[in-house]
Amino acid sequence: MYRKPLTKIFIAIGAVCTVFVFVCCTIAFVRIYRAAREMEKSQEVLEAQKEEMEDLEKELKKAERREKKRLEEEEEKIKPEPSPSVSPTPSPSPSVTPTPRTTPSVSPTATASADRAPTAGALSADQSAGERQAATGAGHIVGIDPGHQGPHVDMSATEPNGPGSAQMKAKATSGTSGVYSGLGEYQLNLDVSLKLREVLQERGYQVVMTRTDNDTAISNAERALLAAEGGAEIYVRIHANGSDDHGVQGALSMCPSQDNPYVAELYGDSLRLSQQLLDSYCAATGFEDRGVQITDDMTGINWSRVPVTILEMGFMTNEHDDLAMAQADFQQTMAEGIADGIDAYFAGSDGR
């Protein structure tokens with residue numbers, strides 16, 4: 001009499017088990033499908049990054065060829081007119097050559113010191129400050145990056161924020177602009193950087209420029225790699241600032257942190273470079289010193305291979321800073337202040 005109810009019970013249990021197995025299989029299938037889709041997406045991201053890296057390498061090689069050609073052209077221009085400050089046969093004019101007859105009361109010891117001075121590279125008082133400091137720059141190579149690019153150059157394509165980073169950022173932008181002067185930051189950065197190059201070369205440095213015009217399409221990562229490939233020992237990025245508060249003014253510098261995932265090993269020297277550059281710049285210009293800021297978000301810093309700093313020269317949204325920085329003669333003062341900071345950095349490095 002119990003066979004029929006038992007049979008129904010077994011059938012019900014079997015049905016429930018079948019449904020349970022079906023649900024479990026469906027859930028497992030959905031999870032496997034999602035996992036497969038995630039793997040496909042990850043593969044697509046990796047492929048995209050690989051393509052970006054290949055594009056970066058191609059652009060870097062092009063930039064290296066352009067820079068090499070530019071340097072060769074500059075060397076050809078310089079060769080016919082060697083600098084008189086390094087001539088092996090200086091003029092015997094009394095203004096540059098100390099002689100005993102002009103100082104008859106000098107003791108034998110002092111006279112001997114005076115006789116040795118020219119062989120040590122002593123220079124007369126009427127020679128330029130750049131010539132007096134040429135010994136500081138001798139043998140050193142500096143990378144200079146005039147920040148941003150002209151607005152007519154499309155740099156909206158993205159690149160990794162650092163080597164292997166999944167975070168993508170625009171290759172470059174045109175920056176801010178002077179609220180009162182109307183001058184574009186990209187142009188200000190280039191003007192000061194070109195003047196800085198001249199000052200540094202006068203002081204005996206070699207200079208690697210990441211750009212010398214507003215038309216060359218070169219990304220932030222490519223600039224950092226170009227400076228390193230050009231032999232630069234330090235990488236100085238020239239920028240200007242902006243703020244919604246037009247009362248904010250002054251200069252600041254930036255460097256990576258000691259925990260930066262890409263260039264942590266550059267922290268110590270980058271911090272020293274940032275501090276000395278800012279100190280000398282503010283001393284020369286009289287601009288307010290806003291201190292050194294630590295940042296790990298800048299592509300141009302994260303791709304650097306040598307000690308690196310960003311100098312934010314002043315606020316283009318502040319009337320005082322903006323109008324001062326737009327003046328050519330003041331830009332020369334700015335460039336000399338930056339060069340003084342570079343002198344101080346290498347003087348400290350050579351003495352260590």
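- In terms of heavy-atom proximity, Q149 sits nearest to V153 at CG-CB, 3.9 Å.
- Taking every heavy atom of both residues into account, P146 and R223 meet most closely at O-NH1, 2.9 Å.
- At a cut-off of 3.5 Å, with distance as the only test, no side-chain donor of T212 or R197 sits close to an acceptor on the other residue.
- Side-chain contact annotation: Y205 with D343, donor-acceptor N/O pair under 3.5 Å present.
- With hydrogens and angles disregarded, no donor-acceptor distance shorter than 3.5 Å links the side chain of Q206 to the backbone of I141.
- Both L252 and M298 are part of a single hydrophobic cluster, where members link through side-chain heavy atoms under 4.5 Å apart.
- Using a cut-off of 4.0 Å between Lys/Arg side-chain N and Asp/Glu carboxylate O, R37 and E40 are scored as salt-bridged.
- A donor-acceptor contact shorter than 3.5 Å is absent between the side chain of S280 and the backbone of I338.
- With a 4.5 Å cut-off on side-chain heavy atoms, S193 and I144 count as touching.
- H148 NE2 to N189 CG: the interatomic distance, rounded to the nearest 0.5 Å, is 6.0 Å.
- Side-chain contact check for D289 versus L278: some heavy-atom pair is nearer than 4.5 Å.
- Looking at Y345 and L277, their side chains never come closer than 4.5 Å, going by heavy atoms from C-beta outward.
- In terms of heavy atoms, V292 sits closest to S274 at CG1-CB, 3.9 Å.
- Distance check: T285 OG1 to D321 CG gives 8.5 Å after rounding to the nearest 0.5 Å.
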- Message: Could you go through L188 and M316, starting from their C-alpha distance and side-chain angles, then the distance that decides it, and tell me whether this counts as side-chain contact (heavy atoms from CB on, under 4.5 Å)?
- Response: CA-CA 10 Å; L188 170 64; M316 301 190 79; 3.9 Å; yes
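- Here the straight-line distance linking atom CE of M334 with atom CG of D329 works out to 11.0 Å at 0.5 Å rounding.
- The backbone N or O of G147 sits less than 3.5 Å from a side-chain atom of R211, completing a donor-acceptor pair.
- For the residue pair T317/H246, the side-chain donor-acceptor check at 3.5 Å is not satisfied.
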- Message: Please evaluate residues T210 and Y235 with respect to the criterion side-chain contact (heavy atoms from CB on, under 4.5 Å), reporting the C-alpha separation (whole Å), side-chain torsions for both, the decisive distance (0.1 Å), and the verdict.
- Response: CA-CA 10 Å; T210 62; Y235 183 41; 4.0 Å; yes
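- Hydrophobic clustering (side-chain heavy atoms under 4.5 Å, transitive across Ile, Leu, Val, Met, Phe, Trp, Tyr) groups V207 together with L196.
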- Show the numbers, then the answer: is there a side chain to side chain donor-acceptor pair (under 3.5 Å) between N302 and N260? CA-CA 8 Å; N302 294 340; N260 183 288; 3.0 Å; yes
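- Side chain to side chain, S219 and E159 meet the donor-acceptor criterion of an N or O pair below 3.5 Å.
- Note that CD of E185 is 11.0 Å distant from CG of D322, once rounded to the nearest 0.5 Å.
- In this structure, N241 CG and L311 CG are separated by 10.0 Å, a value rounded to the nearest 0.5 Å.
- Hydrophobic cluster membership differs between M209 and Y186, with clusters built from Ile, Leu, Val, Met, Phe, Trp and Tyr side chains linked at under 4.5 angstrom.
- Judged by distance alone, the side chains of D215 and H152 do bring a donor and an acceptor atom under 3.5 Å apart.
- Using a 4.5 Å cut-off between side-chain heavy atoms of Ile, Leu, Val, Met, Phe, Trp and Tyr, with links allowed through other members, I301 and L226 fall into different hydrophobic clusters.
- Residues P307 and S270 come closest through the heavy atom pair CA-OG, 3.4 Å.
- A salt bridge links D340 with R203; the closest basic N to acidic carboxylate O contact falls under 4.0 Å.
- A heavy-atom distance below 4.5 Å is not found between the side chains of M325 and Q331.
- The two atoms that bring S174 and G150 nearest to each other are CB-C, 4.4 Å, heavy atoms only.
- Screening V21, T26, V19 against V23 for a side-chain contact (heavy atoms from CB on, under 4.5 Å) leaves a single residue, V19.
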- Task: Given side chain to side chain donor-acceptor pair (under 3.5 Å), test D154 with S156 step by step and report yes or no.
- Result: CA-CA 6 Å; D154 183 10; S156 60; 2.7 Å; yes
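- In this structure, a donor-acceptor pair under 3.5 Å is absent between the side chains of D297 and N161.
- Looking at H239 and R237, their side chains come closer than 4.5 Å, going by heavy atoms from C-beta outward.
- Two residues are said to be in side-chain contact when any heavy atoms from C-beta on lie closer than 4.5 Å; P256 and V308 meet this criterion.
- In this structure, L200 is not a member of the same hydrophobic cluster as I310, with clusters built from ILVMFWY side-chain heavy atoms closer than 4.5 Å.
- A heavy-atom distance below 4.5 Å is not found between the side chains of E233 and V142.
- Of the inter-residue distances, the one linking Q258 atom CD with L266 atom CG reads 13.0 Å to the nearest 0.5 angstrom.
- Side chains of M155 and N220 form no contact here, defined as non-hydrogen atoms less than 4.5 Å apart.
- For S257 and D259, the side-chain atoms include no donor-acceptor pair closer than 3.5 Å.
- By the 30° and 60° cut-offs, the orientation of the rings of Y281 relative to F287 is perpendicular.
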- I would like to know whether K195 and Q332 meet side chain to side chain donor-acceptor pair (under 3.5 Å); could you show each step before the answer? CA-CA 6 Å; K195 289 179 172 63; Q332 184 66 32; 5.6 Å; no
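- Ion pairing of R290 with E312 is absent here, as no side-chain N (NZ or NE/NH1/NH2) approaches a carboxylate O to less than 4.0 Å.
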- Applying side-chain contact (heavy atoms from CB on, under 4.5 Å), run through E319 and Q249 and close with a yes or a no. CA-CA 9 Å; E319 183 174 8; Q249 65 184 89; over 6 Å; no
- Verify side-chain contact (heavy atoms from CB on, under 4.5 Å) between D145 and V236, making sure each step is shown before the conclusion. CA-CA 6 Å; D145 174 37; V236 179; over 6 Å; no
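- Nearest heavy atom pair, residue V248 against residue S243, reads CG2-OG, 4.0 Å.
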